[in-house]
Amino acid sequence: AVMAHEIKNPLGGIRGAAQLLEDVVPPNDRSLAQLICKEADRIRDLIDRMETCGDPMALSRTPVNIHEVLDRVKQVAETSFGRRLRIIENFDPSLPPVSGDRDSLIQAFMNIVRNASDASPADGGEIVLSTGYRPGVRIAMSGQGKAQRVSLPLEVTVRDNGSGIPSELLPHIFDPFVTTKTKGAGLGLALVAKVIADHGGVIECESQPRRTLFRILLPVAANLEQRAEINEVVHA
């Protein structure tokens with residue numbers, strides 16, 4: 001609660017300053033001031049949810065267009081930490097929405113892309129954001145004392161051409177306080193793993209020099225998933 005209070009105070013000042021700038025900067029730069037306001041609002045909302053101790057039930061689930069999430073992440077990256085990078089989108093336009101919390105998903109993918117940016121080379125750094133629909137993907141997950149196969153057809157991948165993750169760290173990268181950065185806290189990917197798990201999804205990583213890939217599998221809303229399965233049966 002103390003940390004939330006200490007963050008919200010300067011955050012309100014940042015947002016107020018951005019609103020003032022929006023009125024005086026040239027029209028071409030107003031979108032940057034608006035972006036600051038939107039990101040400040042998102043951080044405020046995230047802090048509000050942190051105060052609930054990360055209870056998964058606190059997630060506000062609505063149909064979320066994952067491409068809007070990735071577009072926001074790309075926009076922030078290109079105007080801040082990823083300005084030196086080439087960020088490529090390879091999206092499946094027919095992808096159905098995921099049932100989830102938009103701001104939490106933005107934060108999760110922001111952490112992944114920021115890590116990819118930090119790992120990418122200074123010259124020729126490249127990040128590829130891809131999406132796809134994999135109706136046959138089912139993952140065995142344990143729940144309520146028994147294993148069950150869950151359909152996770154929405155696939156999002158984030159690939160960078162950095163130096164890669166050391167093989168001895170790869171099995172532990174989603175554990176708290178594990179990091180390859182000299183000044184890193186090792187909490188970014190742990191938060192990502194929690195957010196994806198809270199959404200009923202899974203995240204995995206494969207890495208080698210010049211190619212590190214994070215793969216996120218997510219469920220669709222129940223009614224959309226059932227409709228897709230019915231279509232498969234009908235067409236079969």
Near Arg86 CZ, under 6.0 Å, is it more than 12 heavy atoms from other residues, nucleotides or ligands?
no
For atom NZ of Lys38, is the number of surrounding heavy atoms from other residues, nucleotides or ligands below 6.0 Å larger than 12?
no
Does any pair with a residue in residues 84-130 pass ring pair (Phe, Tyr, Trp, His ring centres under 6.0 Å), and if so which ones, sequence neighbours excluded?
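Every ring pair (Phe, Tyr, Trp, His ring centres under 6.0 Å) pair that includes a residue of residues 84-130, provided the two are not neighbours, is His67-Phe91.
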Separation between [atom1] of [X] and [atom2] of [Y], rounded to the nearest 0.5 Å:
{"X": "Glu78", "Y": "Ile127", "atom1": "CD", "atom2": "CD1", "value": "10.0 Å"}
{"X": "Leu218", "Y": "Leu105", "atom1": "CG", "atom2": "CG", "value": "6.5 Å"}
{"X": "Gln75", "Y": "Ile87", "atom1": "CD", "atom2": "CD1", "value": "11.0 Å"}
{"X": "Leu154", "Y": "His199", "atom1": "CG", "atom2": "NE2", "value": "11.5 Å"}

So does Asp41 pair up with Arg44, basic N to acidic O under 4.0 Å?
yes
Charged N to carboxylate O under 4.0 angstrom, Asp118 versus Arg114?
no
Any chance the side chains of Asn111 and Gln107 put a donor and an acceptor closer than 3.5 Å?
yes
What pair of heavy atoms forms the shortest contact from Ile173 to Cys205, and how long is it?
CD1-CB, 3.7 Å
Answer yes or no: is there a donor N or O on one side and an acceptor on the other, between the side chain of [X] and the main chain of [Y], under 3.5 Å?
{"X": "Ser120", "Y": "Gly162", "value": "no"}
{"X": "Thr131", "Y": "Val156", "value": "no"}
{"X": "Arg84", "Y": "Ser117", "value": "yes"}

Side chain proximity check, Pro121 to Glu126, heavy atoms < 4.5 angstrom
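They are not in contact (no side-chain heavy atoms under 4.5 Å apart), so the answer is no.
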With sequence neighbours excluded, residues passing salt bridge (charged side-chain N to carboxylate O under 4.0 Å, His left out) with Glu204
Arg215
